[in-house]
Amino acid sequence: MYVARHLEELRNADEYEILLINKENHFVFQPLLPEVISGTIGLLDVVSPLRRLLPGTILHVREVESVDLAERTITTSTGFHPHAHVVRWDHLVLALGTVTDFRGLRGLPEHAFPFKNLSDALSLRNHLIRALEEAALEIRDRDLRQRLVTFVVAGGGFSGVEVVAELNDFVRHIATLYKTIDRSEIKVVLLHGQGRILPEMDEKLALFAQRILTERGVDVRLEARLAAATGNEALLADGTRIPCKTLVSTVPASAHPLVDSLALPKTKNGRLAVGPTMAVQDTTHVWALGDCAAVPAPDGGLSPPTAQHATRQARLVAENIVADLRGQAPKTFAFKGLGKMGSLGRRSAVAEVFGIKIYGFLAWFVWRTIYLFKMPGWGRRLKVAVSWTLDLFLPPELVQVPLGGSLGVTREHFEPGQEVFHQGDIGDRVYIVLSGRAEVLHEGGSARQSIAILGRGECFGEMALLHSTTRNATVQCVEAMDVLSLPKKEFLLLAANLPDLQSSFEKLSAERSAGTKAPTRGAES
Ligand SMILES: Cc1cc2nc3c(=O)[nH]c(=O)nc-3n(C[C@H](O)[C@H](O)[C@H](O)COP(=O)(O)OP(=O)(O)OC[C@H]3O[C@@H](n4cnc5c(N)ncnc54)[C@H](O)[C@@H]3O)c2cc1C
């Protein structure tokens, strides 16, 4: 967005055409995204429509699927029609950012909330409210209630600290509206793999942030690495289990898959290797910036992945493209950084600005003022300023924004000993085992009888759905298991419209009903 903006400013008449391809039709001001959790800032106030910001740019709201460096083309995803959409370029700027990559971390893709874009922030906010609504009703099952009011955030860098600060303030504040929830029941945990949070910051400021969070009730656990997750707990590398229904992970950030796929020079961590002029090494018309690029810093090392660096790099890329078109010499990247700031919510922050270290209210005031003026467009700045002013007097908003529709087929992860469902539960989903194993247990009186072991490719949970009954057995994981789970509504819709599927499930169900009398492999609830 910033490259296109500068290119618009530098253009003489129709000297060149600027085309921006972005997945969304808006620009997200990420530094303020954590405030969406608490609603301190309006949902739409952290985003700006690209069409308004870039009146002189052609916008393609599409996902880039592939880049052909030899042919100088980009293929984007399909729209309403599945025909190929190919764009030609003379200069290519890659600013794809990074992705939160949970691969290799058991259960995280299924159960952890990432925190990178607007929909992540909105989903998390909705989930927090839902967890409290459920906790308010859950008076029978004490363990479930404790899990519902336990919130875990993994990653003690800037994003993780800002997220945990906002989340903690929000849940503790709105909990006062629930008569059946005692604020002392709420548990907020921050996991960080190193010896202190905010490793990028001066130690004194990081310790201040840690103290503020602790005083506000956050359980800061250092040298604590998240290793796996289920829908019921966070599992740490040292074997500790934290029962919870909410897990947010702001780590790890990995190279964008599209960047991975390009035959361009990269550093060890997968960032595009660029020279001091921001051109990707060994290329003349490909430029890269921001989080996906390894940009040499003027005083050695690499520029950190922050917005303040990305926006300066964007200006230089635009200037160097124009210099190339006009046959002028390119400039080199010389920005050293102005400082670092992190908000701790509730009128407190830590900041190092021009070498001066400040914390508490003053840092918070500086943080807000700087970010307010960094937001693109006066209209947006005015809205945010009004939101912030009103927030000083009004309580936080508690409205869940329904995202509509069912979640459809989802993946779930279970650890040994964990129940998928319990005998007597309401049948709400059907499951297909992708890997691992589970045991089917039938409970009669005080005895528990093992009926079957289920493995890869087998399904379970269909009987209660087909016959509208409750679960007639318990299914418990015996070996770390990944499943596909299909909600009742979708399952019944498929079964009703695919007669073969319906009859094969009914046959399976009839065999299994017989199997509960004489245990067989493949029996189920
Ligand atoms: C929660 C959070 C808080 C932050 N706070 C601060 C802060 O306080 N100060 C600070 O300096 N920095 C902060 N940062 C970091 C800062 O936001 C990033 O360094 C900066 O946004 C990097 O810019 P970028 O252009 O490289 O990537 P991004 O801003 O991530 O932009 C990448 C763009 O590419 C689009 N895209 C990705 N894949 C495709 C595709 N296949 N097709 C089409 N479009 C695609 C995305 O939709 C996105 O618009 C924060 C980041 C986060 C997540």
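The structure presented is a predicted model; accordingly, all values stated were derived computationally and were not measured.
One finds a salt bridge joining Asp219 and Arg221 here, because a Lys/Arg side-chain nitrogen approaches an Asp/Glu carboxylate oxygen to under 4.0 Å. Note on Arg346 versus Asp169: salt bridge recorded, some NZ/NE/NH1/NH2 to OD/OE distance being below 4.0 Å.
A distance of 6.5 Å separates OG1 in Thr230 from CG in Leu235, rounded to the nearest 0.5 Å. Expressed to the nearest 0.5 Å, how far CZ of Phe29 lies from OG of Ser48 amounts to 9.0 Å.
Other residues, nucleotides and ligands contribute more than 12 heavy atoms inside 6.0 Å of the CZ atom of Arg448. In this structure, Lys116 places its NZ atom where more than 12 heavy-atom neighbours from other residues, nucleotides or ligands lie under 6.0 Å away. By the neighbour-count criterion of 12 heavy atoms within 6.0 Å, atom CG of Leu494 is densely surrounded, having more than that number from other residues, nucleotides or ligands.
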Scan the side chains in residues 155-167 for donor-acceptor partners under 3.5 Å anywhere in the protein, sequence neighbours excluded, and list what turns up.
| from | atom 1 | to | atom 2 | distance (Å) |
| --- | --- | --- | --- | --- |
| Glu162 | OE2 | Ser343 | N | 3.0 |
| Glu166 | OE1 | Ser38 | OG | 2.6 |

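Asp428 approaches Tyr431 most closely through the heavy-atom pair OD1-OH, 4.4 Å. For Ile451 against His442, the heavy-atom pair with the smallest separation is CD1-CB, 3.2 Å. In terms of heavy atoms, Ala255 sits closest to Gly270 at CB-O, 3.6 Å.
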For Gln146 and Thr150, what are the C-alpha separation, side-chain angles and deciding distance, and is it a side-chain hydrogen bond (donor to acceptor under 3.5 Å, both in side chains)?
CA-CA 6 Å; Gln146 190 51 58; Thr150 302; 3.1 Å; yes

Begin with the C-alpha distance, continue with both residues' side-chain angles, and end with the deciding distance and a verdict on side chain to side chain contact (heavy atoms under 4.5 Å, CB included) for Thr76 and Ile74.
CA-CA 6 Å; Thr76 64; Ile74 287 178; 4.1 Å; yes

Checking Ser509 against His467 for the side-chain hydrogen bond (donor to acceptor under 3.5 Å, both in side chains) test, could you report, in this order, the C-alpha distance in whole Å, the side-chain angles of both residues, the deciding distance, and whether it holds?
CA-CA 9 Å; Ser509 165; His467 307 302; 3.0 Å; yes

Give the intermediate values and the outcome of side-chain hydrogen bond (donor to acceptor under 3.5 Å, both in side chains) for residues Thr73 and Arg88.
CA-CA 4 Å; Thr73 57; Arg88 300 193 60 79; 5.9 Å; no

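The stretch residues 129-140 participates, sequence neighbours left out, in these side chain to side chain donor-acceptor pair (under 3.5 Å) pairs: Glu133-Tyr178. Listed by first then second residue, pairs satisfying side chain to side chain donor-acceptor pair (under 3.5 Å) with a partner in residues 237-246 read His127-Thr246, Asn232-Lys245, Glu233-Arg241, Asp238-Thr240, not counting sequence neighbours.
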